[in-house]
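Chain naming here is simple, since letters A, B, ... match the order of the sequence lines and numbering starts at 1 in each. Please read these numbers as outputs of a predicted model, since none were measured by experiment.
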Amino acid sequence: MKKLGIDFYQRKDVVEIARELIGKMLVTSFNGIITSGRIAETEAYNGVTDKASHAYGGRRTNRTEVMYMPGGAAYVYLCYGIHHLFNVVTNIADEPHAVLIRAVIIVDGSEKILERLGKKILKNNLLKGPGVVSKGLGISTAATGTSLLDTNIFIYEDGFEVASSNIIATPRIGIDYAEEDALLPYRFVLNA
DNA sequence: CGACCGATCGTCT
DNA sequence: GACGATCGGTCGA
């Protein structure tokens, strides 16, 4: 087990990072309660030139400020007034790249995850959908800006190998407003 | 099944 | 004052 370090997050190619995050382990540890899952779906948001990104055109607001931090921070924001979406900030400071985690396969703490979701049985042992991933792992907007090099939220690799043929690239979800950028194959799905 | 719709509120204009 | 990087329930076939 090897926690991903600053050298992983601060690279320039956010699309490559999004692809490499498939198969890695995402862990949260709040109040001694550990939950984790293997990342099964990601989306890359490619900085100021990406019309789908909150930081498109260099937009800089209170909400998006975290995206301009050095790679290795968590960017969590509220969507539709209900859902807390968890992103990994990448690249160096002032290059606002991020990877949205859209699905994980539950590994540790399934009982706690079910409790957070208010459910008894979880289909496919999968947290599918970015809002549900955050809810199940206990991540909220309060965690935005948290360092992934710390112990509350982090990502590690455990030697689980994913053949590149088992990673499918597709356009991103829910970003029709992004015009031509809506078609970019920046979404990666683990072939189950 | 798939299509549709309502919930709900912080953020930006 | 409008609108989401969504979700889950309901309705009809």
Side-chain angles (χ1 to χ4, degrees), chain A residues 9 13-22 24 26 28 35 37 39-69 71 73-91 95-106 113-146 148 153 155 167-190:
Chain A
Y9 298 112
D13 189 343
V14 67
V15 178
E16 180 177 309
I17 293 173
R19 189 190 299 111
E20 291 181 10
L21 280 173
I22 297 291
K24 300 288 190 288
L26 172 61
T28 64
T35 50
I39 297 170
E41 186 177 338
T42 62
E43 280 180 5
Y45 285 85
N46 193 21
V48 299
T49 61
D50 182 354
K51 289 184 178 176
S53 171
H54 292 161
Y56 173 63
R59 255 188 344 154
R60 206 161 175 149
T61 67
N62 281 338
R63 178 178 64 150
T64 62
E65 194 59 32
V66 173
M67 297 184 77
Y68 291 82
M69 291 175 70
Y75 170 46
V76 188
Y77 72 95
L78 186 65
C79 186
Y80 294 101
I82 302 174
H83 306 292
H84 301 251
L85 304 205
F86 170 71
N87 299 250
V88 175
V89 175
T90 69
N91 214 315
E95 288 290 343
H97 292 189
V99 177
L100 172 66
I101 307 300
R102 296 188 55 89
V104 307
I105 301 161
I106 296 170
I113 290 170
L114 286 174
E115 180 189 323
R116 286 178 179 143
L117 297 177
K119 294 192 173 180
K120 296 289 184 194
I121 300 169
L122 199 56
K123 207 168 90 177
N124 297 335
N125 209 32
L126 190 65
L127 290 176
K128 186 171 174 49
V132 177
V133 168
S134 299
K135 191 172 181 184
L137 296 180
I139 299 170
S140 77
T141 55
T144 200
T146 300
L148 302 180
I153 309 174
I155 300 174
I167 299 178
I168 301 165
T170 79
R172 292 169 292 182
I173 304 295
I175 53 153
D176 294 343
Y177 58 83
E179 302 172 22
E180 73 273 14
D181 288 343
L183 300 175
L184 295 170
Y186 281 2
R187 171 172 175 249
F188 298 97
V189 183
L190 178 62

For A/His97 and A/Ile17, what are the C-alpha separation, side-chain angles and deciding distance, and is it a side chain to side chain contact (heavy atoms under 4.5 Å, CB included)?
CA-CA 10 Å; A/His97 292 189; A/Ile17 293 173; over 6 Å; no

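- Between the side chain of A/Arg102 and the backbone N or O of A/Pro130, no donor-acceptor pair lies under 3.5 Å.
- A heavy atom closer than 4.0 Å to some atom of DNA chain C occurs in A/Gly129, A/Pro130, A/Gly131, A/Val132, these being the qualifying members of residues 120-135 of chain A.
- Not a single donor-acceptor pair under 3.5 Å links the side chain of A/Ser53 to the backbone N or O of A/Asp50.
- Between the OH atom of A/Tyr75 and the C1' atom of B/dG10 there is a distance of 11 Å, given to the nearest Å.
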Taking only Watson-Crick and G-U wobble pairs with both distances under 3.5 Å, what dot-bracket line describes DNA chain B, where [ ] shows pairs that cross earlier ones and | shows pairs with another strand?
|||||||.||||.

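- Counting to the nearest Å, the P atom of C/dT6 and the CG atom of A/Asn87 are 11 Å from each other.
- In this structure, A/Ile173 atom CD1 and C/dG4 atom P are separated by 16 Å, rounded to whole Å.
- Checking side-chain atoms of A/Arg172 against main-chain N and O of A/Ala44 turns up a donor-acceptor pair under 3.5 Å.
- Residues of residues 43-60 of chain A having a heavy atom closer than 4.0 Å to DNA chain C, listed by number: A/Tyr45, A/Ala52, A/His54.
- Of the residues in residues 76-84 of chain A, those placing a heavy atom less than 4.0 Å from an atom of DNA chain C are A/Tyr77, A/Tyr80, A/Gly81, A/His83, in numerical order.
- Side-chain contact between A/Ile153 and A/Leu137 is absent, with no heavy-atom pair separated by less than 4.5 Å.
- The backbone N or O of A/Ala52 lies less than 3.5 Å from a partner atom in the side chain of A/Tyr177, making a donor-acceptor pair.
- With sequence neighbours excluded, the residues satisfying side-chain contact (heavy atoms from CB on, under 4.5 Å) with A/Lys24 are A/Leu4, A/Leu21, A/Ile39, A/Ile155, A/Glu157.
- Residues meeting the side-chain contact (heavy atoms from CB on, under 4.5 Å) test with A/Thr144, sequence neighbours left out: A/Val66, A/Tyr75, A/Val76.
- The shortest distance between side-chain heavy atoms of A/Phe86 and A/Thr28 does not fall below 4.5 Å.
- One can place OH of A/Tyr177 at 14 Å from P of B/dT13, the figure rounded to the nearest angstrom.
- Residue A/Glu41 contributes atom CD, which lies 13 Å from atom C1' of C/dT6 at whole-angstrom precision.
- In this structure, the side chains of A/Glu65 and A/Arg60 come closer than 4.5 Å at one or more pairs of heavy atoms.
- Taking CZ of A/Arg63 as the start and NE2 of A/His54 as the end, the distance is 4.0 Å to the nearest 0.5 Å.
- Remark: side-chain polar atoms of A/Tyr68 are paired, donor with acceptor, to backbone N or O of A/Gly58 under 3.5 angstrom.
- Within 4.0 Å (heavy atoms only), A/Arg172 reaches no atom of the nucleic acid at all.
- Atoms CG and CG, on A/Leu122 and A/Leu127 in that order, are 6.0 Å from each other to the nearest 0.5 Å.
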